[in-house]
Amino acid sequence: MVRVTTPGVRLLPNAITVLALCAGLSSVQFALIGNYPMAIASIGIAAVLDSLDGRIARLLDATSKMGQELDSLSDGISFGVAPALVLYVWHAEGERIGWVASLIFAVCMILRLARFNTLIEDTEQPPYAGEFFVGVPAPAGGLLAMLPLILELQFGQGWWSHQYTVWVWTIAVAALLISRIPTLSLKTVKAPPKAIAPLLVGVGLLAAAIIQFPLVALAIALVLYLAHIPYSVYRQRWLAKHPEAWMAPPRERRAIRRSSSRRRLGLRPPLRRVVAGAAQRVRLQRGEQHVARAPRTLTDKDRDNTRGPRRRSWRRIGLRKR
């Protein structure tokens with residue numbers, strides 16, 4: 001069945017991308033008037049809209065080359081140029097080192113997006129490559145650069161808001177953008193049916209936390225994102241060494257991971273047979289060879305049982321013979 005899309009429907013993803021661009025640029029205007037909470041919120045709104053435009057385009061079958069180019073341009077301005085200008089307005093005070101750090105961040109963001117566009121057309125990547133980003137993605141990088149400003153607005157001035165600390169942090173985030181470090185992609189994450197209800201409860205709790213404590217929730221989310229990077233590196237290296245898990249569903253992949261971890265640690269498989277009482281177990285050798293047991297000595301009672309049904313004796317029950 002061929003899906004027919006009207007021109008208005010095909011325009012919707014591009015309209016969302018333009019809205020994300022406007023939200024990102026608005027953060028610079030809010031920073032110029034000193035409204036830094038709204039500057040952070042504008043970049044957060046741009047990140048949410050950026051995550052929606054691609055999904056809506058694929059859902060409506062409205063993807064196009066123009067939409068891809070427009071999305072890259074919007075990401076470069078909203079998450080590269082706008083955060084760099086916001087940080088410069090906030091903490092540069094006209095110093096040259098602040099402008100240099102802002103330029104480095106913006107340039108690294110543009111380079112990261114250019115590499116992302118080239119990797120899309122690469123057909124020689126392994127099947128598991130779609131589960132990871134190469135480097136930190138653009139929305140996460142733009143929000144990570146704003147972390148010192150978030151901490152100052154919430155907790156006041158400290159070592160995190162020192163001028164040179166801010167610029168070192170900005171350059172470090174820029175290095176994560178152009179690095180080859182793999183980070184998890186939420187586009188390929190699939191939740192099992194049993195986890196849908198707990199996930200919905202978690203979404204409700206997250207929404208309540210964002211409404212009541214927006215800056216704290218955003219700071220915790222950014223710290224957790226940084227903490228997931230070592231796990232992402234481990235997972236990418238494990239998949240590269242186990243081709244049998246590339247096309248396996250999540251349940252089979254977990255089974256492969258458990259079996260490989262047992263072999264690496266030298267653990268034996270769990271015991272399966274129970275003999276000689278409920279508390280004693282027999283270990284099976286490789287190849288399902290049973291452990292030999294020593295023959296048990298037969299008692300008089302066992303011999304009587306093997307001879308068949310035993311007759312009652314009047315001497316045994318204490319009766320006299322008439």
Side-chain angles (χ1 to χ4, degrees), residues 11-57 64 66-92 98-99 101-117 120 133 135-153 166-167 169-178 183 185-187 210 214-215 217-219 221-222 225:
L11 184 62
L12 181 60
N14 294 335
I16 295 176
T17 304
V18 172
L19 289 177
L21 173 62
C22 295
L25 281 177
S26 297
S27 65
V28 180
Q29 191 268 339
F30 285 120
L32 291 174
I33 63 177
N35 193 352
Y36 294 108
M38 284 303 301
I40 297 173
S42 299
I43 296 178
I45 293 172
V48 173
L49 294 176
D50 179 72
S51 65
L52 292 177
D53 57 359
R55 289 177 171 83
I56 293 177
S64 62
M66 177 182 175
Q68 295 178 1
E69 298 298 332
L70 181 62
D71 183 71
S72 297
L73 178 62
S74 174
D75 290 349
I77 295 177
S78 300
F79 308 118
V81 177
L85 292 178
V86 170
L87 293 175
Y88 181 76
V89 172
W90 169 52
H91 226 337
W99 182 245
S102 299
L103 285 178
I104 291 174
F105 181 81
V107 170
C108 289
M109 180 65 71
I110 300 301
L111 292 176
R112 186 257 179 277
L113 293 171
R115 183 180 62 187
F116 176 78
N117 292 337
I120 292 178
F133 289 115
V136 175
L143 290 173
L144 283 173
M146 306 293 290
L147 185 58
L149 177 57
I150 295 171
L151 294 177
E152 180 177 336
L153 293 176
V166 172
W167 300 128
W169 173 258
T170 304
I171 295 175
V173 175
L176 288 176
L177 291 171
I178 60 175
T183 56
S185 174
L186 297 179
K187 298 178 181 179
I210 292 175
L215 294 177
L218 183 57
L222 293 176
Y225 183 83

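- When all heavy atoms of T183 and G135 are compared, the closest pair comes out as OG1-O, 2.9 Å.
- Residues meeting the side chain to side chain contact (heavy atoms under 4.5 Å, CB included) test with V166, sequence neighbours left out: W90, H91, P148, T170.
- For the pair I110 and G76, the tightest heavy-atom approach, listed with the atom from each and the gap, is CD1-CA, 3.8 Å.
- Annotation: side chain of L153 is in contact with side chain of P37 (closest heavy-atom distance under 4.5 Å).
- Between I40 and F30, every side-chain heavy-atom pair lies at or beyond the 4.5 Å cut-off.
- Counting all heavy atoms, side chain and backbone alike, V89 lies closest to A31 at CG1-O, 3.5 Å.
- Applying the side chain to side chain contact (heavy atoms under 4.5 Å, CB included) test to L19 and every residue at least two apart in sequence or in another chain returns L49.
- How far CG of L113 is from CD of E69: 11.0 Å, rounded to the nearest 0.5 Å.
- Side-chain contact check for F105 versus L87: every heavy-atom pair is 4.5 Å or farther apart.
- You'll find the side chain of S102 reaches within 4.5 Å of the side chain of W167, heavy atoms only.
- In this structure the side chain of D53 never reaches within 4.5 angstrom of the side chain of L70, judged on heavy atoms.
- In this structure, CD1 in I178 is found 4.0 Å from SG in C108, a value given to the nearest 0.5 Å.
- Closest approach of A46 and G24 over heavy atoms only: CB-N, 4.0 Å.
- In plain terms, the two heavy atoms of S42 and A23 that are nearest each other are CB-O, 3.2 Å.
- If you take CD on Q68 and OG1 on T17, they are separated by 11.0 Å, rounding to the nearest 0.5 Å.
- Annotation: the span from E152 atom CD to L147 atom CG amounts to 12.0 Å, rounded to 0.5 Å.
- V136 places a side-chain heavy atom less than 4.5 Å from the side chain of Y225.
- To the nearest 0.5 angstrom, I77 atom CD1 is 11.0 Å from S27 atom OG.
- By the 4.5 Å heavy-atom criterion applied to side chains, R112 and F133 are counted as neighbours.
- The SG atom of C22 sits 12.0 Å away from atom CD1 of I45, with the distance rounded to the nearest 0.5 Å.
- Minimum interatomic distance between G141 and V173 (heavy atoms only, all atoms of both residues): O-CG1, 3.6 Å.
- Side-chain contact check for P83 versus I43: some heavy-atom pair is nearer than 4.5 Å.
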